[in-house]
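Let me begin by presenting the structure, written as structure tokens, before commenting on it.
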Number of protein chains: 2
Amino acid sequence: MKGKATSFDIAHRAGVSQSTVSRALSNSPLVNQETRDRIKQIAQELNYKVDKNASNLRKQRSNTVALLLFEDPSTDDSQINPFFISMLGSITKACSAANYDLLVSFQNLADDWHAEYEDTHKADGLILLGYGDYLDYEAKINQLQEQETHFVRWGAADPKYPGISVGSNNFQGGYMVTEHLISQGRTRFAFVGEAGTHAPEFLARFQGFTHALSQADLMDQFVGQFDAIFTVEAGLEAALELFAEGERPDAIVCASDLIALGVIQAMRQEGLRCPEDIAVTGFDNIPIAGFVEPALTTVQQDTKAAGITLVEHLLKHINNENTSDTLIPASLIIRDSSKPLTQD
Amino acid sequence: MKGKATSFDIAHRAGVSQSTVSRALSNSPLVNQETRDRIKQIAQELNYKVDKNASNLRKQRSNTVALLLFEDPSTDDSQINPFFISMLGSITKACSAANYDLLVSFQNLADDWHAEYEDTHKADGLILLGYGDYLDYEAKINQLQEQETHFVRWGAADPKYPGISVGSNNFQGGYMVTEHLISQGRTRFAFVGEAGTHAPEFLARFQGFTHALSQADLMDQFVGQFDAIFTVEAGLEAALELFAEGERPDAIVCASDLIALGVIQAMRQEGLRCPEDIAVTGFDNIPIAGFVEPALTTVQQDTKAAGITLVEHLLKHINNENTSDTLIPASLIIRDSSKPLTQD
DNA sequence: AAATTGGATTATGCCGATATAATGCATAAA
DNA sequence: TTTATGCATTATATCGGCATAATCCAATTT
């Protein structure tokens with residue numbers, strides 16, 4: 001036979017109508033068990049696969065979701081945030097478990113979003129994933145809602161747009177790691193990482209941090225907060241600035257692992273030991289966190305739960321059900337960089 | 001108006017036939033410039049987007065490629081090889097530059113490949129990306145070729161299947177970094193990384209390594225090759241084994257950056273300094289390679305060229321043109337871990 | 001014997017675009 | 001005036017499934 005087999009070819013061989021073939025292959029109880037088996041058998045022999053374009057066109061459903069990944073414009077091509085990779089993995093798995101395919105698209109923040117996947121019926125919905133507040137955030141969300149696009153976003157809940165967000169509990173993570181450092185005997189804290197409204201994740205971590213400090217009555221010894229985006233370089237520079245200012249902390253809480261690595265690097269340059277002189281903690285638990293010197297104490301986001309939840313919520317939206325904003329708890333990974341102060 | 005607009009709606013408003021709308025929107029010279037502009041205008045007002053399912057069905061083309069990512073079964077979920085991430089990024093970009101969408105699917109090596117994207121017409125071709133020889137490699141390749149699936153694979157050229165491979169020049173990379181170490185005055189070499197047929201990339205690196213050694217007449221001082229898969233842990237263990245065996249090298253060439261980090265970790269445990277006692281080099285130039293202590297000398301694969309070439313070759317296959325196997329040159333990134341031997 | 005019921009199957013329309021063939025119409029050539 | 005030539009547009013068939021309504025037929029009921 002020429003070309004790929006169609007359901008007509010199978011119908012012909014099986015001596016039934018094409019309709020019956022379609023029904024049989026979708027396991028419809030409307031068709032007799034025997035005929036069903038016979039048809040499936042023939043379909044397999046011909047290596048028949050339903051044409052998704054035809055099927056989707058008729059069903060007006062693609063069983064596909066599109067993942068839009070927003071890159072931080074401040075970093076170059078090769079530097080993809082390791083955290084997103086982990087999310088990508090878990091989202092892919094959650095999709096395939098739900099029998100959905102996944103389209104992936106890296107979005108350049110500067111450009112207009114390339115979010116036509118649902119308009120063109122290539123996907124049934126979108127997952128928006130990025131750090132910080134992607135450019136023109138509100139305008140875009142409004143537009144998506146106006147067009148009745150189905151979507152969920154990764155990030156802190158936004159009271160203006162309820163029911164579309166899933167995010168890590170960054171506040172709790174920042175609180176938890178700070179509390180841990182306090183219990184280790186640290187008292188003079190600094191925070192490295194941007195804490196503005198355009199980096200809401202980092203801001204929440206910072207707020208958890210200060211909350212822990214106030215609870216322990218340590219705010220009067222707070223050394224300060226130093227801006228750094230999420231790269232190693234930024235952490236290094238921020239730390240150098242911190243050391244230049246004079247007042248030396250005995251613990252530095254960083255908004256990400258990469259920043260923490262930069263801070264440790266800066267300490268080395270300044271002849272400071274970690275954790276003996278200053279404890280340092282990160283956030284994300286990237287793959288190498290446990291293998292740097294010293295092994296990094298950090299906060300792990302539950303990317304598996306995150307991916308599953310995002311997909312689950314999106315599928316509910318697609319079925320016109322509502323979901324409520326979800327905060328996924330983070331967990332503390334204790335390693336060497338936060339060892340207790342020793343009296344020496 | 002209800003629902004999404006179709007080309008009929010536009011035809012109606014523009015007072016032309018639906019055929020003309022279709023032509024106008026695809027910029028066919030068959031339709032008058034004025035009418036074309038008018039139709040486009042109306043289409044924009046109605047926020048009309050062509051239905052890809054209908055379009056693809058008719059055209060028998062999806063303008064989509066599927067990326068199958070094969071994970072190493074020896075690592076857990078969270079550990080995705082950083083090199084692949086970089087490739088994923090460049091492939092995505094190359095696709096969007098060519099106006100193709102990208103479906104991403106993580107394949108579990110143990111299972112049957114889930115490679116029906118072309119059979120179902122969801123994609124026009126496949127890109128296979130994984131380290132080592134994915135399980136049942138030949139059987140699967142045969143099957144794909146039999147079904148006339150369009151595909152390219154990442155990896156060394158295989159004489160049995162010409163024209164489907166694109167890979168880094170691992171031999172040249174291994175040779176280059178070894179030559180560099182020799183020029184720095186190192187003479188007693190060891191290699192850490194698997195060098196068997198089921199890890200062809202690593203094997204090629206090892207072969208480049210030994211080639212450089214023989215050229216410099218240093219093979220009689222070769223300490224040995226020690227197996228390690230691509231994780232930090234594996235590198236650490238292999239190095240400990242190496243040190244236990246007695247004969248100490250003054251340079252260790254590693255098959256990947258993660259392995260190199262493990263080796264450096266092991267040296268630290270043994271009280272050995274890098275690069276003073278032993279120089280260490282990696283492979284891949286992962287994001288943190290420049291920020292560990294000491295900064296890691298490594299070989300960088302040109303992922304950008306790789307992604308572009310893979311996509312380019314696949315698109316040629318889709319258009320029934322042939323391509324020839326391509327080796328992409330790697331480049332040397334010299335940092336501190338390979339500093340020259342000092343006389344002290 | 002005629003009418004009813006229900007399970008199994010078939011006939012038909014449609015999803016929304018694109019490509020090919022056909023038509024209309026103005027202008028140029030015979 | 002008639003035929004021919006092009007350009008612009010329209011009519012129609014088609015891509016390959018799925019869903020609804022229609023039909024067929026055997027087993028019951030009346």
Side-chain angles (χ1 to χ4, degrees), chain A residues 1-40 42-43 46-64 116-124, chain B residues 1-40 42-43 46-64 116-124:
Chain A
M1 53 241 61
K2 66 278 139 183
K4 312 276 173 210
T6 74
S7 52
F8 280 96
D9 301 331
I10 298 180
H12 188 68
R13 295 222 179 189
V16 298
S17 76
Q18 183 269 336
S19 317
T20 305
V21 172
S22 177
R23 281 221 194 76
L25 294 177
S26 55
N27 262 318
S28 162
L30 288 180
V31 29
N32 186 310
Q33 182 69 47
E34 278 178 38
T35 359
R36 221 190 295 175
D37 292 341
R38 185 160 46 91
I39 290 173
K40 283 187 180 172
I42 296 175
L46 295 189
N47 200 344
Y48 168 81
K49 300 277 154 54
V50 295
D51 184 313
K52 295 283 188 183
N53 289 319
S55 174
N56 293 345
L57 172 59
R58 181 62 236 243
K59 291 195 300 189
Q60 297 291 68
R61 270 241 182 168
S62 62
N63 263 244
T64 302
E116 315 184 329
Y117 293 102
E118 182 165 357
D119 299 332
T120 62
H121 293 116
K122 282 210 82 159
D124 299 329
Chain B
M1 55 240 61
K2 67 277 140 183
K4 312 276 175 211
T6 75
S7 52
F8 280 95
D9 301 330
I10 298 181
H12 188 69
R13 296 221 178 190
V16 298
S17 76
Q18 182 270 338
S19 317
T20 306
V21 172
S22 178
R23 280 222 195 77
L25 294 176
S26 54
N27 261 318
S28 163
L30 290 180
V31 31
N32 186 310
Q33 182 68 47
E34 279 176 40
T35 357
R36 222 191 292 174
D37 292 342
R38 186 161 43 92
I39 289 172
K40 282 186 181 173
I42 296 176
L46 296 188
N47 201 341
Y48 168 82
K49 300 278 155 51
V50 295
D51 184 312
K52 296 282 189 184
N53 289 318
S55 174
N56 294 344
L57 171 60
R58 180 64 235 245
K59 291 196 298 192
Q60 297 291 66
R61 269 236 182 171
S62 62
N63 263 245
T64 302
E116 314 184 329
Y117 294 102
E118 183 165 356
D119 299 331
T120 62
H121 293 117
K122 282 210 80 159
D124 300 328

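Here is the naming used below: chain letters follow the sequence lines, and residue numbers restart at 1 for every chain.
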Residue met sooner reading DNA chain C from 5', once B:Leu30 and B:Val50 are mapped to nucleotides: B:Val50
A:Ser22 side chain near D:dC18 phosphate (N/O to OP1/OP2, under 4.0 Å): yes
Closest-nucleotide ordering on DNA chain D, the 5'-leading residue of B:Gln18 and B:Thr35: B:Thr35
Nearest-nucleotide 5' precedence on DNA chain D, B:Gly15 against A:Asp51: B:Gly15
Euclidean distance, atom CD1 of residue A:Ile10 to atom C1' of D:dG16 [Å, nearest integer]: 12 Å
Value in whole Å for how far the P atom of D:dG16 lies from NZ of B:Lys52: 19 Å
Any A:Thr20 side-chain N or O less than 4.0 Å from OP1/OP2 of C:dA8: no
Exceeds 12 heavy-atom contacts within 6.0 angstrom, atom CD of A:Glu34: no
Any A:Gln60 side-chain nitrogen or oxygen under 4.0 Å from OP1 or OP2 of D:dC18: no
Per B:Val31 side chain, nearest of listed nucleotides C:dT9, D:dT9, C:dA17: D:dT9
OP1 or OP2 of D:dT9 under 4.0 Å from side-chain N/O of B:Ser19: no
Polar contact flag, side-chain donor to acceptor under 3.5 angstrom, B:Asp124-B:Ser62: yes
Sugar-phosphate only, base, or nothing, as touched by A:Val16 at under 4.0 Å among non-hydrogen atoms: sugar-phosphate
Nucleotide C:dC15, atom P - distance to NZ of B:Lys49 in whole Å: 21 Å
Along DNA chain C (nearest heavy atom to each residue), the more 5'-positioned of B:Phe8 and A:Arg58: A:Arg58
Closest to the B:Arg23 side chain, choosing from C:dT9, C:dA21, D:dG17: C:dA21
For atom CG of A:Asn53 and atom C1' of C:dT18, their distance in whole Å: 13 Å
Side-chain H-bond candidate by donor/acceptor type, A:Gln33 with A:Asp37, under 3.5 Å: yes
For atom CG of B:Leu25 and atom C1' of C:dA17, their distance in whole Å: 11 Å
Spacing between A:Lys122 atom NZ and C:dA17 atom C1', to the nearest angstrom: 15 Å
Trace of the side-chain hydrogen bond (donor to acceptor under 3.5 Å, both in side chains) decision for A:Asn53 with B:His121: CA-CA 7 Å; A:Asn53 289 319; B:His121 293 117; 5.3 Å; no
Rounded interatomic separation in angstrom, taking CG from A:Leu57 and P from C:dC14: 14 Å
Whole angstrom value for the distance that separates P of D:dA19 from CZ of A:Arg61: 12 Å
A:Lys40 and A:Asn27: CA distance, side-chain angles, deciding distance, side-chain contact (heavy atoms from CB on, under 4.5 Å) verdict: CA-CA 10 Å; A:Lys40 283 187 180 172; A:Asn27 262 318; 2.9 Å; yes
Any A:Ser55 side-chain nitrogen or oxygen under 4.0 Å from OP1 or OP2 of D:dG17: no
